Amino acid sequence: SQGQRNLEGYVGFANLPNQVYRKSVKRGFEFTLMVVGESGLGKSTLINSLFLTDLYSKDYPGPSLRIKKTVQVEQSKVLVKEGGVQLTLTIVDTPGFGDAVDNSNCWQPVINYIDSKCEDFLNAESRVNRRLMPDNRVHCCLYFIAPSGHGLKPLDIEFMKRLHDKVNVIPLIAKADTLTPEECQLFKKQIMKEIQEHKIQIYEFPDIEDDEDSKLIRKIKERMPLAVVGSNVVIEVNGKKVRGRQYPWGVAEVENGEHCDFTVLRNMLIRTHMQDLKDVTNNVHYENYRSRKLAAVTCNGGVDTSKTKNQMTRSPLAQMEEERREHVMKMKKMETEMEQVFEMKVKEKKQKLKDSEAELERRHEQMKKNLEAQYKELEEKKRHHEEEKSNWEAQQRILEQQKLDASKTMEKNKKKGKIF
Amino acid sequence: MAATEIARQAGEGARAVPLAGHVGFDSMPDQLVNKSVNHGFCFNILCVGETGLGKSTLMDTLFNTKFEGEPTQHNQPGVQLKSNTYELQESNVRLKLTVVNTVGFGDQINKEDSYKSIVEFIDTQFEAYLQEELKIKRTLHSYHDTRIHACLYFIAPTGHSLKSLDLVTMKKLDSKVNIIPIIAKSDAISKSELTKFKIKITSELVSNGVQIYQFPTDDETVAEINSTMNGHLPFAVVGSTEEVKIGNKMVKARQYPWGTVQVENENHCDFVKLREMLIRVNMEDLREQTHTRHYELYRRCKLEEMGFKDTDPDCKPFSLQETYEAKRNEFMGDLQKKEEEMRQMFVQRVKEKEAELKEAEKELHEKFDRLKKLHQDEKKKLEDKKKSLDDELNGFKQKKTAAELLQSQAQQAGGSTTLKRDKERKNFF
């Protein structure tokens with residue numbers, strides 16, 4: 001990277017944002033909003049007020065009117081258009097939530113729903129052939145707190161604790177027109193205190209770069225959790241037609257900032273932070289789900305060792321490649337070891353054989369030599385004997401001859417009369 | 001930028017409801033745009049073309065800045081790819097621009113493998129993205145995307161037709177990258193020649209089945225201009241960073257004795273059209289096509305190569321976990337089998353060797369048995385001989401003893417005679 005460059009003259013990529021704008025309008029937008037809370041907290045009315053439409057109506061009754069024995073998670077999809085922009089809005093509600101006598105685990109179906117949408121997305125993302133990747137993940141969860149004025153209920157705490165790391169949770173004080181401003185202030189303070197105590201991480205409308213807005217946002221953070229009022233009825237107040245709730249003592253106006261925080265909610269949820277809610281869902285909550293899921297599959301239960309940490313930075317495919325490489329090396333090592341052992345044993349045996357061959361050779365040689373020696377001795381003896389024999393025979397012959405000569409001479413002498 | 005905005009059927013299964021007022025979600029495109037602007041954009045261009053076709057100059061002209069300090073060395077064998085990244089800013093838009101140049105393309109005598117290093121480079125960028133995408137802990141939203149979004153293919157201004165190197169290379173690249181062919185240094189061609197040249201090039205591309213990038217016509221806002229421009233392809237461009245005074249303005253131009261070629265004059269060349277299409281109108285589309293078409297194709301092929309499929313023979317779609325586990329089990333089974341095979345092989349060898357050695361041992365023993373027998377025979381023979389000698393000796397001894405006895409007897413008798421004689425003789429003296 002060569003650092004910032006100043007361009008001389010207009011190039012044109014400043015038009016990129018327009019290109020992005022154009023394409024996004026063509027594509028259209030999606031948003032999935034979940035509403036959770038006990039029956040009768042005005043959830044359906046609020047949704048209708050937020051989107052200025054009869055999402056919930058006689059034909060499509062709200063969750064409180066759909067009595068269920070167990071907690072259900074149900075969705076309804078609507079298509080809305082405004083200013084050329086198309087939005088596919090999915091509202092997920094949970095009829096039966098918190099209405100039973102024993103509400104243990106009533107959050108489980110909600111968790112299951114959120115996880116299953118993440119799973120669908122993960123599977124779609126992991127296919128070999130990826131085409132349509134509809135995003136049905138829950139982008140935001142509005143949690144309705146009953147306006148008791150005291151604090152959070154155990155169910156509220158439990159729910160938020162379990163959901164805050166899976167989805168963007170925005171807690172709302174429902175039916176805020178039953179609280180006076182002071183009561184509301186105290187209630188909000190108490191709730192935030194308890195939220196902090198339990199280390200619950202709610203969605204906090206982060207700063208979106210723009211100096212003017214960031215001042216506004218900081219102000220808004222001080223009003224959390226937002227206290228809302230909803231209404232499907234339009235009433236005339238001082239010549240203006242407003243949405244509100246008519247009481248004998250006056251009209252609680254939905255869009256009046258002094259009456260409740262509805263406008264804040266609407267502006268934040270829809271007009272400024274809708275995209276951020278989707279991004280946080282995609283980049284944080286979904287990624288957490290995904291890495292947990294994949295770690296469980298690749299790291300054999302995700303035992304936290306240094307080896308596992310290493311594996312996390314690799315894709316499962318690369319992980320398999322690594323394992324394959326390790327195995328090849330292991331095999332090679334095993335092969336050389338076996339080879340060595342084999343060679344050694346063979347050498348041993350061969351040596352033994354050689355030794356015994358040498359030994360036998362030696363013995364044979366010795367025996368041969370022994371035999372040869374004996375032969376030689378025999379020959380010697382024989383020769384000696386022959387010599388002796390021939391000598392003796394020669395001697396005998398001589399003696400015989402002498403005898404013969406002597407007897408001859410004696411005869412002669414006898415004849416000569418030399419005997420005196 | 002959310003990489004999840006892949007083609008979606010909007011409003012599927014949804015009922016349309018009217019709005020009773022201004023809700024405010026029409027700000028969504030603005031929200032999205034603001035986020036993108038904050039995040040910054042990135043764009044990667046690959047310039048493919050023979051040495052001397054003015055690739056670097058064109059880049060400088062397009063982006064109104066002097067990129068490289070000095071021309072690159074052309075003394076390496078083969079085709080090298082040199083990439084440089086620049087941070088540009090125009091009003092509030094930050095662009096991370098990467099320009100990749102092919103050095104030495106077309107310089108070789110044998111150009112059969114010229115395209116290979118280019119394809120390899122493109123694939124490497126895809127691979128890097130794929131690896132990141134497949135990681136367990138990944139950071140896609142902050143990943144610096146190095147995938148090539150546009151390939152400007154520089155055609156030499158011969159005026160006749162495409163070179164075979166061009167056809168071969170473009171054919172190899174058209175399924176991997178968005179190709180925008182341009183006629184380089186087109187100030188060497190006259191207008192009439194240019195028209196013929198463009199027609200020839202286009203027909204050659206069509207007849208060889210080369211898919212070049214078409215400016216999209218599905219969005220009404222830009223359909224008209226894009227389809228008009230599609231008809232002007234390939235763009236005949238001239239690049240220059242030198243300025244010449246025309247009237248009272250300084251313009252980018254090339255000055256010849258017979259006139260001045262003005263880069264930004266649409267009568268002189270298609271530079272403005274290229275800039276308009278590449279940067280001002282379709283930059284985002286080029287990025288999108290790279291991601292949704294070229295990258296997906298690469299990914300699909302790569303995964304299929306590794307044996308991943310979407311459905312099993314029973315046509316039931318697998319979940320990722322199942323696929324992965326199945327693959328892993330298969331893989332582990334494979335490894336175990338290999339291990340077993342090796343062990344078996346060794347057991348076999350050991351058996352064979354043992355048999356061999358046993359054979360040798362047996363032979364040895366047989367040999368020595370034979371020798372032993374021979375030895376026994378020899379011994380026996382010796383014994384016989386000994387015996388006969390002994391017999392002979394005994395016989396001789398007996399004979400000798402007998403003879404000696406006789407002799408001694410005779411001698412005694414004769415001896416006494418002789419003795420007598422001698423005695424007598426003696427007595428005489």
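Chain letters run A, B, ... following the sequence lines, proteins first, then strands; residues in each count from 1. These numbers come from a predicted model, not from an experiment. Atoms considered below: every heavy atom in the structure, side chains included; atoms not considered: hydrogens, waters and symmetry mates.
- Annotation for Lys381(B) and Tyr375(A): closest pair CB-OH, 4.1 Å, computed over non-hydrogen atoms.
- Remark: Leu357(B) pairs with Lys349(A), Lys350(A) by the side-chain contact (heavy atoms from CB on, under 4.5 Å) rule, at least two apart or across chains.
- Only the side chain of Lys330(A) comes within contact range of chain B, with at least one heavy atom under 4.5 Å from a heavy atom of that chain.
- There is no contact between Leu374(B) and chain A, counting heavy-atom distances below 4.5 Å.
- Taking all atoms of both residues into account, the shortest heavy-atom contact from Ile136(B) to Ala295(A) is CG2-N, 4.1 Å.
- Per-residue counts of heavy-atom pairs under 4.5 Å with chain A were compared for Leu62(B), Val93(B), Asp30(B); the largest is that of Val93(B).
- We find that Asp390(B) and Lys381(A) are joined by a salt bridge, their nearest charged nitrogen and carboxylate oxygen being less than 4.0 Å apart.
- Of the possible donor and acceptor atoms, none in the side chain of Gln275(A) sits under 3.5 Å from a partner among the backbone N and O of Gln31(B).
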side-chain contact (heavy atoms from CB on, under 4.5 Å) assessment of Phe25(B) paired with Phe31(A): CA-CA 10 Å; Phe25(B) 59 82; Phe31(A) 194 75; over 6 Å; no

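- Looking only at heavy-atom pairs under 4.5 Å with chain A, the residue among Asn282(B), Asp334(B), Leu97(B) that has the most is Asn282(B).
- Formation of a donor-acceptor pair under 3.5 Å by the Arg22(A) side chain with backbone atoms of Val281(B) is found in this model.
- Interface summary for chain B: among Val78(A), Asn288(A), Asn15(A), the most heavy-atom pairs under 4.5 angstrom belong to Val78(A).
- Here the side chain of Gln19(A) pairs a donor or acceptor atom with the backbone of Ile279(B) at under 3.5 angstrom.
- The two residues Gly24(B) and Ile270(A) make their nearest non-hydrogen contact at C-CG2, 3.8 Å.
- Among Val222(B), Asp218(B), Leu19(B), Val33(B), the residue making the largest number of heavy-atom pairs under 4.5 Å with chain A is Leu19(B).
- Residues Arg138(B) and Leu294(A) have side chains not in contact (no heavy-atom distance under 4.5 Å, counting atoms from C-beta outward).
- Contact of Phe368(B) with chain A is made through the side chain alone, with heavy-atom distances under 4.5 Å.
- Note that NZ of Lys137(B) and CZ of Arg292(A) are 10.0 Å apart. Values are rounded to the nearest 0.5 Å.
- Side-chain contact check for Arg349(B) versus Met338(A): every heavy-atom pair is 4.5 Å or farther apart.
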I'd like to know whether Lys386(B) forms a side-chain contact (heavy atoms from CB on, under 4.5 Å) with Glu377(A), so could you lay out the CA-CA distance, the side-chain angles of the two residues, the decisive distance to 0.1 Å, and finally the verdict. CA-CA 10 Å; Lys386(B) 253 195 182 162; Glu377(A) 208 181 295; 5.7 Å; no

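- The part of Leu389(B) that comes within reach of chain A is its side chain, from C-beta onward, which places non-hydrogen atoms under 4.5 angstrom from that chain.
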Could you walk me through whether Lys278(A) and Met28(B) satisfy the side-chain contact (heavy atoms from CB on, under 4.5 Å) test, starting with their C-alpha distance in whole Å, then the side-chain angles of each, then the deciding distance to 0.1 Å, before giving a yes or no? CA-CA 11 Å; Lys278(A) 291 174 69 174; Met28(B) 275 298 268; 4.0 Å; yes

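- Other residues, nucleotides and ligands contribute only 12 or fewer heavy atoms inside 6.0 Å of the NE2 atom of His384(A).
- Evaluation of the side-chain hydrogen bond (donor to acceptor under 3.5 Å, both in side chains) rule for Asp26(B) yields His22(B) as partners, not counting sequence neighbours.
- Using a 4.5 Å cut-off between heavy atoms, Glu386(A) contacts chain B through its side chain alone, with no backbone atom that close.
- Between Phe346(B) and Phe342(A), the ring planes are perpendicular. Angles over 60° get that label, and only those under 30° would be called parallel.
- Using a 4.5 Å cut-off between heavy atoms, Glu392(B) contacts chain A through both its backbone and its side chain.
- Ranking Ala124(A), Ser24(A), Gly84(A), Ala14(A) against chain B, the residue ahead of the rest is Ala14(A), based on heavy-atom pairs under 4.5 Å.
- Of the possible donor and acceptor atoms, one in the side chain of Ser27(B) sits under 3.5 Å from a partner among the backbone N and O of Arg271(A).
- Of all the listed residues (Lys302(B), Arg275(B), Met342(B)), the one sharing the greatest number of non-hydrogen pairs under 4.5 Å with chain A is Met342(B).
- Ranked by heavy-atom pairs under 4.5 Å with chain A, the first of Lys379(B), His375(B), Lys353(B), Glu361(B) is His375(B).
- The contact between Arg266(A) and chain B is made entirely by side chain atoms (from C-beta outward), counting heavy-atom distances below 4.5 Å.
- Listed here is the closest heavy atom pair of Tyr21(A) and Pro29(B): CE1-CB, 3.3 Å.
- The pair Lys23(A)-Asp285(B) meets the salt-bridge criterion, with a side-chain N (NZ, NE, NH1 or NH2) lying under 4.0 Å from an Asp/Glu carboxylate O.
- In this structure, Glu90(B) contributes its side chain and Tyr10(A) its backbone to no donor-acceptor pair below 3.5 Å.
- For chain A, the nearby parts of Lys385(B) are the backbone and the side chain; heavy atoms of each come within less than 4.5 Å.
- Residue Leu303(B) holds its CG atom at 9.5 Å from CG of Asn129(A), rounded to the nearest 0.5 Å.
- With a 4.5 Å cut-off on side-chain heavy atoms, Leu378(A) and Leu382(B) count as touching.
- Between Lys26(A) and Glu284(B) no salt bridge is recorded (no basic side-chain N to carboxylate O distance below 4.0 Å).
- Looking only at side-chain heavy atoms (C-beta outward), Val17(B) and Phe51(A) stay at 4.5 Å or farther from each other.
- Under the 6.0 Å distance and 45° angle rule, Arg15(B) counts as a cation-pi partner of Tyr60(A).
- Taking each heavy atom of Glu125(A) and Arg299(B) in turn, the nearest pair found is O-NH2, 3.1 Å.
- A 4.5 Å side-chain heavy-atom check between Lys368(A) and Glu378(B) finds every atom pair outside the cut-off.
- Looking at Glu361(A) and Lys367(B), a side-chain N of the basic residue comes within less than 4.0 Å of a carboxylate O on the acidic one, giving a salt bridge.
- For chain B, no part of Asn267(A) is nearby; none of its heavy atoms comes within less than 4.5 Å.
- Using a distance-only test at 3.5 Å, with no hydrogens or angles considered, a donor-acceptor pair links the side chain of Glu82(A) to the main chain of Val23(B).
- When heavy atoms are compared at a cutoff of 4.5 Å, Glu357(A) approaches chain B by way of both its backbone and its side chain.
- The choice from Glu276(B), Glu220(B), Arg343(B) that makes the most heavy-atom pairs within less than 4.5 Å of chain A is Arg343(B).
- Considering all non-hydrogen atoms of both residues, Pro18(B) and Thr53(A) come closest at O-OG1, 2.8 Å.
- The main-chain N or O of Arg127(A) is never found under 3.5 Å from a side-chain atom of Arg300(B) such that the two would form a donor-acceptor pair.
- Both the backbone and the side chain of Val350(B) come within contact range of chain A, judged by heavy atoms closer than 4.5 Å.
- When heavy atoms are compared at a cutoff of 4.5 Å, Leu269(A) does not approach chain B at all.
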